[in-house]
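Computed from a predicted structure; not experimentally measured. Positions are given from 1 along the sequence.
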Amino acid sequence: MIKDKKTYLSFLEEDKKVNSDYYYQGLQGLNPFMTETVIWKFQKTLRMCEYLYAVKSRSPFFKLKKLWYAYRFKKLSIRLGYTIWLYTFGPGLRILHRGTIMAGGKVGANCIINTGVVIGNEAGFDDKVPTIGDNVYIGVGAKIIGDIYIADGCAIGANAVVNKSFTEPNTVIAGVPARAIGKVNKNLRH
C-alpha cells in the first residue's frame with residue numbers, strides 16, 4: 001500500500017517496468033487518444049490518487065491537487081470502463097485492454113488483468129473481498145468473488161467463476177465454478 005512519496009515512486013517504477021514493452025516505451029509523439037496511452041495515464045493517475053489520499057496535509061494547494069486528481073481519476077475510469085478501488089493492486093500492475101473492469105480486494109505484485117474482470121466482495125459484506133497473490137494472470141471475463149485466497153503465480157482462465165480458495169501456487173484455474181485444471185508453464189510467464 002502506498003503510504004508516502006518514496007513508496008508511490010517505487011510503485012510507479014514497477015508499473016513502468018512491466019508495461020515498458022507494451023505501452024510506456026516510446027509513447028512520446030504518439031496519438032494521445034491511443035488506448036495504450038490512455039491506460040498508462042489511468043495507471044499513473046491511480047497511483048497518484050493512492051498517494052494523495054494516504055498523505056495527510058492541511059495545505060490548500062495539496063487539497064486542490066487531491067481534488068484535481070480525483071476528478072481526473074473519475075473521468076479516466078468512465079472513459080475506459082474501469083471501477084477500481086484505490087489500494088487494490090500492488091506494484092507492477094498491467095492492464096491489457098480498455099473495457100469493463102471492476103476490482104476491489106487485495107491483489108499482489110505483478111498482476112496482469114484483462115477486460116471483463118470482476119474482483120468483488122461477497123454479497124452483503126463489504127469486508128469479505130478476495131486476496132490474490134503475486135504474479136497472477138487474470139483472463140478475460142473472470143469473476144473472483146468472496147472472502148477467498150488465490151496463491152502466487154496462478155493463472156485464471158477466461159470466464160472462470162472463482163468462489164473458493166486455491167492455495168496451491170502456480171495453478172491454472174478455469175471453469176464455472178472454477179477448479180484447478182493444471183500447472184502454470186513457467187516459460188510462458190511475463
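For T88 (side chain) and I84 (main-chain N/O), no donor-acceptor pair under 3.5 Å exists by modelled atom type. Checking side-chain atoms of K143 against main-chain N and O of G141 turns up a donor-acceptor pair under 3.5 Å. Although no hydrogens or angles enter the test, the distance criterion places a donor-acceptor pair under 3.5 Å between the side chain of S165 and the main chain of Y149.
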**Request:** Show your reasoning for whether side chain to side chain contact (heavy atoms under 4.5 Å, CB included) applies to E122 and F125.
**Result:** CA-CA 6 Å; E122 187 176 317; F125 299 95; 3.7 Å; yes
**Request:** Apply the test side chain to side chain contact (heavy atoms under 4.5 Å, CB included) to residues L9 and K5: give CA-CA distance (whole Å), side-chain angles for both, the deciding distance (0.1 Å), then the verdict.
**Result:** CA-CA 6 Å; L9 292 173; K5 190 163 190 168; 4.2 Å; yes
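The structure places NZ of K106 at 4.5 Å from OG1 of T131, a figure rounded to the nearest 0.5 Å. Atom CD1 of residue I173 and atom NZ of residue K164 lie 9.5 Å apart, to the nearest 0.5 angstrom.
Side chains of N110 and N135: a donor-acceptor N/O pair is present below 3.5 angstrom, by distance only.
At a threshold of 4.5 Å between non-hydrogen side-chain atoms, the residues I113 and L96 do not count as touching. By the 4.5 Å heavy-atom criterion applied to side chains, F166 and V162 are counted as neighbours. The shortest side-chain heavy-atom distance between K183 and T171 falls under the 4.5 Å cut-off. Inter-residue side-chain proximity for I132 and I144 is flagged as met; some heavy-atom pair is nearer than 4.5 Å. Within the 4.5 Å cutoff, the side chain of K44 has heavy atoms near those of the L12 side chain. For the pair I119/V107, a side-chain contact is recorded, criterion being any heavy-atom separation below 4.5 Å from C-beta on. Under the 4.5 Å side-chain criterion, counting only non-hydrogen atoms from C-beta, D127 is not in contact with N121. Residues F42 and I95 meet the side-chain proximity criterion, which asks for heavy atoms closer than 4.5 Å.
A single hydrophobic cluster is seen to contain both L46 and V38, as judged by linkage of ILVMFWY side chains at heavy-atom distances under 4.5 Å, directly or through other members. Note: the hydrophobic cluster containing I138 also contains I39 (ILVMFWY, side chain heavy atoms under 4.5 Å, direct or indirect links). In the hydrophobic cluster analysis, where Ile, Leu, Val, Met, Phe, Trp and Tyr join through side-chain heavy atoms closer than 4.5 angstrom, I150 is grouped apart from I145. One hydrophobic cluster, built from ILVMFWY side chains closer than 4.5 Å, holds both L76 and F73. L86 and V118 fall into different hydrophobic clusters, where Ile, Leu, Val, Met, Phe, Trp and Tyr residues are linked whenever their side-chain heavy atoms come under 4.5 Å apart, directly or through other members.
In terms of heavy atoms, R98 sits closest to R79 at NH1-O, 3.8 Å. The shortest heavy-atom contact between G139 and V117 is O-CG2, 3.4 Å. The two residues A142 and I156 make their nearest non-hydrogen contact at CB-CG2, 3.8 Å. Smallest separation of non-hydrogen atoms from I181 and A174: CD1-CB, 3.7 Å. In this structure, G120 and P130 approach most closely via the heavy-atom pair O-CD, 3.2 Å.
Hydrophobic cluster membership for V129: W85 (Ile, Leu, Val, Met, Phe, Trp, Tyr linked by side-chain heavy atoms under 4.5 Å, directly or transitively).
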Could you list the donor-acceptor pairs under 3.5 angstrom formed by side chains in residues 47-62, with sequence neighbours left out?
residue	atom	partner	partner atom	Å
R47	NE	D15	OD2	2.7
R47	NH1	E50	OE1	3.1
R47	NH1	F89	O	3.0
R47	NH2	D15	OD1	3.3
R47	NH2	D15	OD2	3.4
R47	NH2	G90	O	2.8
E50	OE2	Y87	N	2.8
S57	OG	S59	N	3.3
S59	OG	F61	N	3.3
S59	OG	F62	N	3.3

